[in-house]
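Everything numeric here is computed off the predicted structure, so don't read it as measured data.
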Amino acid sequence: MDKLQIQGGIPLEGEVRISGAKNATLPILAAALLTDDPLIVANVPHLQDVTTTIELLGRMGVRVTVDERMQIEVDASSLTECFAPYELVKTMRASILVLGPLVAKFGRADVSLPGGCAIGARPVNIHVAGLQAMGADIRIEAGYIRARASRLKGARLVLETVTVTGTENLMMAATLAEGETVIENAAREPEVVDLAHCLIAMGARIHGAGTDKITVQGVARLRGTRYEVLPDRIESGTYLVAGAITRGHVRVKHTRPDHLDAVLAKLEEAGAKVGVGDGWVEVDMRGRRPRAVDVRTAPYPAFPTDMQAQFAALNTIAEGVGTITETIFENRFMHMLEMRRLGAEIRLEGNTAIIRGVDRLTAAPVMATDLRASASLVLAGLVAAGRTEVERIYHIDRGYETIEEKLAQLGAQIRRVPG
Ligand code: EPU
């Protein structure tokens with residue numbers, strides 16, 4: 001297993017280009033199941049989760065071709081099986097995104113139930129209940145969700161909790177249902193909106209994506225299109241924190257500043273000079289130590305749970321005391337325990353971490369436990385005195401394209417070594 005070795009203490013300077021958003025790419029690839037025409041997806045990040053999705057589609061008999069620029073063509077006209085096996089779903093929960101499209105287009109799906117997860121229980125009951133309300137017959141058997149339906153029927157769905165992939169699954173299913181579906185308490189994340197834009201380009205009739213009420217008029221069929229995935233706001237935020245934590249000056253390019261409001265507000269509070277332009281954002285710490293900030297995660301447009309761990313890293317070396325309150329997932333604090341190994345002063349009280357900034361962290365071997373946790377350990381490694389080794393970085397490869405190359409471009413001393 002590869003490791004990352006990081007020599008801490010260098011202020012990062014320079015520019016980095018942001019990749020396409022993982023969490024928009026995955027549902028958009030699943031949306032290809034809704035049409036018999038090829039769907040061409042551009043600006044796809046080169047990530048393990050994308051590879052897993054391609055493998056999943058391939059197992060179903062879907063033809064997937066990837067060109068050298070990571071433009072992916074998905075042709076579901078050759079589909080032979082409506083099946084997502086446990087061995088793939090257990091490695092990537094987002095595999096659940098094939099459920100809605102398969103039921104809507106083919107009237108059947110056998111999708112493994114995702115099991116436990118390192119960050120929380122993460123059930124899929126809302127996905128299942130929504131499809132049932134649209135007329136699907138769903139049983140849970142032998143660890144699988146077995147769904148059968150003739151044509152789905154539009155329905156009014158009031159989601160019990162704001163769920164990103166749940167909203168996406170149900171919105172995709174509704175595109176081919178008979179009549180109108182209204183999704184209330186829908187997720188407003190930019191990735192949901194990006195998926196809606198792709199579906200609209202395929203001929204879907206969707207209104208209200210980006211608000212908490214999405215209305216979908218079902219159509220008989222969707223067509224292929226070419227769609228370019230939006231930039232990854234979490235990758236953007238992670239490199240901006242890398243600039244702030246190292247007292248550096250970092251610009252992220254090819255991004256969407258308007259998707260980063262909550263994150264940029266916290267960076268300003270931490271003392272960064274934030275600049276924004278057309279497709280770029282920069283933070284400049286002017287050599288100063290960051291100030292501790294209080295963060296509370298909540299659905300978009302509030303502060304994203306996927307940026308919580310990175311701000312925890314920032315607080316470990318900041319001036320003062322900052323709190324991180326996690327309200328989305330019940331077990332997303334594993335990185336806090338690893339950061340203590342670097343000398344961080346962190347106290348956990350329920351879903352809040354109270355972090356007292358220390359003058360310096362010191363290097364140690366640490367272990368990544370999930371994607372965003374591993375990013376936060378890399379950030380901590382960038383400021384820890386000595387050489388930090390981050391183990392189990394397969395987690396990071398799921399969501400950050402060539403992180404060591406991008407950080408090295410900003411001046412970090414980082415390398416990947418075989419474990
Ligand atoms: N929930 C339910 N029932 C459901 C669905 C969700 O109770 O049927 C609960 C969850 O347990 C959680 C809350 O609702 O407490 C919100 O979870 P959500 O469903 O929104 O999460 P998700 O769709 O599984 C996506 C991202 C995550 C991101 C969350 C929250 C994708 C592929 N994944 O997950 O991304 O943290 O939304 O924004 O879009 C990551 O990229 O590292 C990552 C974990």
Report task. Report yes or no: does N351 contribute a side-chain atom to a donor-acceptor pair with the main-chain N or O of E330 at less than 3.5 Å? Result -> no
Taking the side chain from R93 and the backbone from L113, do they hold a donor-acceptor pair closer than 3.5 Å? no
- Query: Using a distance-only test with no angle check, is there a side-chain donor-acceptor pair under 3.5 angstrom linking T255 and S236?
  - Reply: yes
Q) Are a donor atom and an acceptor atom from the side chains of E191 and H259 found within less than 3.5 Å of each other? A) no
Problem - Enclosure of M60 CE (heavy-atom neighbours >12, cutoff 6.0 Å) - result: yes
* If we ignore angles and hydrogens, is there a donor and acceptor under 3.5 Å between the side chains of H127 and N169? -> yes
Answer yes or no: is there a side-chain heavy-atom contact under 4.5 Å between T238 and Q310?
yes
Exercise. Using the side chain to side chain contact (heavy atoms under 4.5 Å, CB included) rule, take F106 and L34 through it: C-alpha gap first, then chi angles, then the decisive distance, then the call.
Key: CA-CA 9 Å; F106 303 97; L34 291 163; over 6 Å; no
Which is it for M172 and L195 under the side chain to side chain contact (heavy atoms under 4.5 Å, CB included) test, yes or no, and what are the steps along the way?
CA-CA 9 Å; M172 287 192 279; L195 170 65; 3.9 Å; yes
So, does T52 use its side chain to make a donor-acceptor pair with the main chain of M92 at under 3.5 Å?
no
For the pair Y144 and F83, name the ring-plane relationship: parallel under 30°, tilted 30 to 60°, perpendicular over 60°. parallel
Using only heavy-atom distances, determine whether the side chains of Y400 and R372 contain a donor-acceptor pair under 3.5 Å. yes
Applying side-chain contact (heavy atoms from CB on, under 4.5 Å) to D284 and not counting sequence neighbours gives H249, K273, R286
* If we only count heavy atoms from C-beta on, is the P299 to E189 side-chain gap below 4.5 Å? -> yes
**Prompt:** Distance only, no hydrogens: is a donor on one side chain within 3.5 Å (strictly under) of an acceptor on the other, for R415 and Q5?
**Reply:** yes
Checking V263, T327, T325 against F303 for side-chain contact (heavy atoms from CB on, under 4.5 Å), the one that qualifies is V263
**Request:** May I have the step-by-step check of side chain to side chain contact (heavy atoms under 4.5 Å, CB included) for L314 and L379, ending in yes or no?
**Result:** CA-CA 8 Å; L314 187 74; L379 294 176; over 6 Å; no
Result for salt bridge (charged side-chain N to carboxylate O under 4.0 Å, His left out) between D397 and one of R392, K22, R416 points to R416
Closest heavy-atom pair, V103 versus A109, reported as atoms and distance to 0.1 Å, is CG2-CB, 3.8 Å
Can a donor-acceptor pair be found, under 3.5 Å and without considering hydrogens, that links the side chain of E338 to the backbone of M367? yes
Notebook entry, point to check: Can you tell if the side chain of F333 reaches within under 4.5 Å of the side chain of Q308, non-hydrogen atoms only?
Noted result: yes
Exercise. If we only count heavy atoms from C-beta on, is the E349 to R347 side-chain gap below 4.5 Å?
Worked result: yes
Check whether any side-chain heavy atom of T388 lies under 4.5 Å from a side-chain heavy atom of V366, and answer yes or no. yes
Those residues at least two apart in sequence (or on a different chain) that pass salt bridge (charged side-chain N to carboxylate O under 4.0 Å, His left out) with K406 are E235
* Can you tell me if E87 uses its side chain to pair, donor with acceptor, with the backbone of V89 under 3.5 Å? -> no
Ignoring hydrogens and geometry, is there a side-chain-to-backbone donor-acceptor pair from R226 to A42 under 3.5 Å?
no
Requested in this report: For the pair T323 and T352, evaluate side chain to side chain donor-acceptor pair (under 3.5 Å) and give the outcome as yes or no after the intermediate values.
Outcome: CA-CA 7 Å; T323 58; T352 297; over 6 Å; no
Exercise for the section: Look at atom CZ of R289 and say whether more than 12 heavy atoms of other residues, nucleotides or ligands are closer to it than 6.0 Å. Expected result: yes
Short question: side chain of T35, backbone of A32 - any donor-acceptor pair under 3.5 Å?
no
(request) Report yes or no: does E269 contribute a side-chain atom to a donor-acceptor pair with the main-chain N or O of V293 at less than 3.5 Å? (result) no
Worksheet item: After noting the C-alpha distance and the side-chain angles of N43 and Y227, does the key distance pass the side chain to side chain donor-acceptor pair (under 3.5 Å) rule?
Response: CA-CA 9 Å; N43 198 32; Y227 192 79; over 6 Å; no
Only residue of T181, T215, I206, L157 satisfying side-chain contact (heavy atoms from CB on, under 4.5 Å) with M171 is I206
Between D110 and the options R59, R146, R139, the salt bridge (charged side-chain N to carboxylate O under 4.0 Å, His left out) test singles out R146
T305 and R332: side-chain donor and acceptor closer than 3.5 Å? yes
Heavy atoms of A309 and S376 approach each other most closely as O-CB, 3.1 Å
### Message
Side chains of Q413 and R387 only: does a donor on one sit below 3.5 Å from an acceptor on the other?
### Response
no
Exceeds 12 heavy-atom contacts within 6.0 angstrom, atom CD of E160 = no
Within the 4.5 Å heavy-atom criterion, are T65 and I72 side-chain neighbours or not?
no
With N23 as partner, the option from D232, D49, D306, T165 fulfilling side-chain contact (heavy atoms from CB on, under 4.5 Å) is D306
Q) Quick check: are there more than 12 heavy atoms from other residues, nucleotides or ligands sitting under 6.0 Å from CZ of R148? A) yes
List the steps, then state whether side chain to side chain contact (heavy atoms under 4.5 Å, CB included) holds for L39 with C198. CA-CA 10 Å; L39 176 70; C198 176; 4.2 Å; yes
Q.
Any heavy-atom pair between the side chains of V390 and K3 that's under 4.5 Å?
A. no
